[in-house]
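Within every chain, numbering begins at 1; the chains are lettered A, B, ... in the order of the sequence lines, protein sequences first and strands thereafter.
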Protein chains: 2
Amino acid sequence: MTTTRQPGLVSVARHAGVSVGTVSNTINRPHLVAAETKARVRASIAALGYVPNRAAAALRRGSNPIIGLVIPDVMNAFYAAIVDAVVEAADRHRYAVSLCVSHDDPDRERRHFELLAEQRAAGALVVPVDADRSRLAQLRAFGTRLVLVDRRAEEAEGCSVAVDDVLGGYLAVSHLLQGQGNGVTIVNGHPAIPQCHDRREGARDALVEAGRNPDSLIEFVVATMNFAAGVEVARRIVAQDAPRRIFCINDQLALGVIEGLTAQGLRVPEDASVIGYGDLGLGASSRLSTVGQPKHEMGDEAVRKLLDELMDGESHVHTATVFPPHLIVRGTSSHAHDLTVA
Amino acid sequence: MTTTRQPGLVSVARHAGVSVGTVSNTINRPHLVAAETKARVRASIAALGYVPNRAAAALRRGSNPIIGLVIPDVMNAFYAAIVDAVVEAADRHRYAVSLCVSHDDPDRERRHFELLAEQRAAGALVVPVDADRSRLAQLRAFGTRLVLVDRRAEEAEGCSVAVDDVLGGYLAVSHLLQGQGNGVTIVNGHPAIPQCHDRREGARDALVEAGRNPDSLIEFVVATMNFAAGVEVARRIVAQDAPRRIFCINDQLALGVIEGLTAQGLRVPEDASVIGYGDLGLGASSRLSTVGQPKHEMGDEAVRKLLDELMDGESHVHTATVFPPHLIVRGTSSHAHDLTVA
DNA sequence: TTGTAGGCGTTATCAG
DNA sequence: CTGATAACGCCTACAA
């Protein structure tokens, strides 16, 4: 009943015949310790099974090696890829990742921010729930460094990483314009959503570049951007005889549109061209052309920026990185043919 | 230069004209504090913008309200669903979730376990990388409560949640047997993988129940269980004239097999029946029948078990919950037809 | 019902 | 290069 669990610095110091300061130093600033002493201390650490207590360190230092990560949805392959990259990068630097899924709920976001503040987390990567930056400012004021993900930040307030959706829309429609047909249809989400807005802008740019009137773009707006909505929109496209070169704001929608078109007796790609956006795995098993996004790079760069701010302190300058998406053309392979599912 | 950042219990106490003990109590054991005092303290907390310091609390208590979560892959929809459930449940109880993606790498797993130990995390939910339980035992010995996910644990060592893969295989093949044809083919991963082994067992059970010889099950084993492998296996199935009632160990494989079959001029479901496993989103946009798993429930239950162990302490008894999967039959809808992708 | 005080394990400062 | 020591902020007996 006398043996004390979880030996601390003192036990190690005693065991190695040195002071606690020296033990702490061999762990955190090894260059300050003589080789021989270091070896002895390390032996003791191993012998006692000593595990440093981060809570104590955090208390003392006032900051905790934790990176908060707030995303709207883990089931979404786009964010999942970012999570993957972030977790990996954090692991490399021995930071913990505290995950929050906001589900677009400001209260959840706020709650996680509070949690991070209580933990004195060093920093956080966040995909903000809405345009209201007050919650972010609050957390930042508390000392937590923030990097915005998938959003552009005012350079004054912090770093950010995002993807160029205007360029993405441009790439998609430019590709459609290379095929035959006249006019272009866009199946979009609500334009209040930045991504939807920007991709449409890019689509218009492509039309302009091709010498067309950007207002000739025929737009169908869906409430929910999923497969079922795509099927439904396909009906309206045919009914209204809208252009058969169709840019869908995401891959699920695109797959739905193709399904709906096919259900009405049209052949794709013979009678209609469809391009999606996102390349989120659904397309891997299909021949759907789409626009890919450097998801892993985004997550990676976000961590890099955060750590730079954490390390460099004063000399750090905020930057807003915008990654270019890229066109992924599929369906031109030699064995292109229908994909039939039972 | 005199104002001190981040007020502590003392500042609040001073501001409210009470002692630190009372402030602590109004936060952690409100029932011990008079209503009026409580109100005053709360007002001061709000006024000063006080945010409790979890590091200090953890140091004092010896344990941190953090749940470690170790999964093999976040991009995998199965695990992503579990993450979603866990994060949500943890949030409800104001626990932080420290995420690790092991990528089947024991070193990564070990590193995360170390991290959790250093954080004095209250508990962890883990999908173990391999069958070696020594790393788990080590973390457990350190005081971190563990719940195994997607694996069955010896009831002596801890709780676990899993899904009944034998039943899943049984359901899938029973369904296939209802269709026309003779014999059944299984497209499987390596049988050393527990899921693959169990699902095959279930498949055999179904055959036995139908009065067939379980050894009549024709098995194709693929190294990587993805779309491309499915396409390739379809070739071999046709070449060897294997049974056209095909149970694929996951949906991607199933989609690939259908693709490969179609490429060889066969029609699905007319000439072949294919069923997948997992229901991981790919199927939502298809008419592929599959076996669904209660992913969210698993994550939820895992947290419940962990918290029970954390709260109840001594009176807690370890349990191994095995969830039943369920058959999802698709493709019988009125507008069943081909899905063509450009 | 409220106040007091000791100590949790580290880090960092300052002498030696 | 090493040792001693004072915080860091909170929890919890225990005392009043």
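Side-chain N/O atoms of A/Thr37 include one lying less than 4.0 angstrom from OP1 or OP2 on D/dT2. Taking side-chain N and O atoms only, A/Asn25 has no distance below 4.0 Å to OP1 or OP2 of D/dT2.
No engagement by A/Val10 is indicated, since no non-hydrogen atom pair under 4.0 Å with the nucleic acid exists.
Side chain of B/Arg60, nearest nucleotide from D/dG3, C/dT4, C/dG6: C/dG6. Of the candidate nucleotides C/dT10, D/dG9, D/dG3, D/dG9 has the atom lying nearest to any side-chain atom of B/Ala56. For B/Thr22, the side-chain atoms get nearest to C/dT2 when compared with the rest of D/dC1, C/dT2, D/dC10. Nearest to the side chain of B/Asn53, among C/dT10, D/dG9, D/dT2, sits D/dG9. Listed nucleotides C/dG9, C/dG3, C/dG7 differ in distance to B/Leu59; the shortest reach to its side chain belongs to C/dG9. In this structure, the nucleotide among D/dG3, C/dT10, D/dT12 sitting nearest to the side chain of A/Pro52 is C/dT10. The side chain of A/Arg61 approaches C/dA12 more closely than any other nucleotide in the set C/dA12, D/dT12, C/dT2.
Looking at A/Lys305 and A/Thr321, their side chains do bring a donor and an acceptor atom within 3.5 Å of each other.
For B/His93, there are no side chain to side chain donor-acceptor pair (under 3.5 Å) partners, not counting sequence neighbours.
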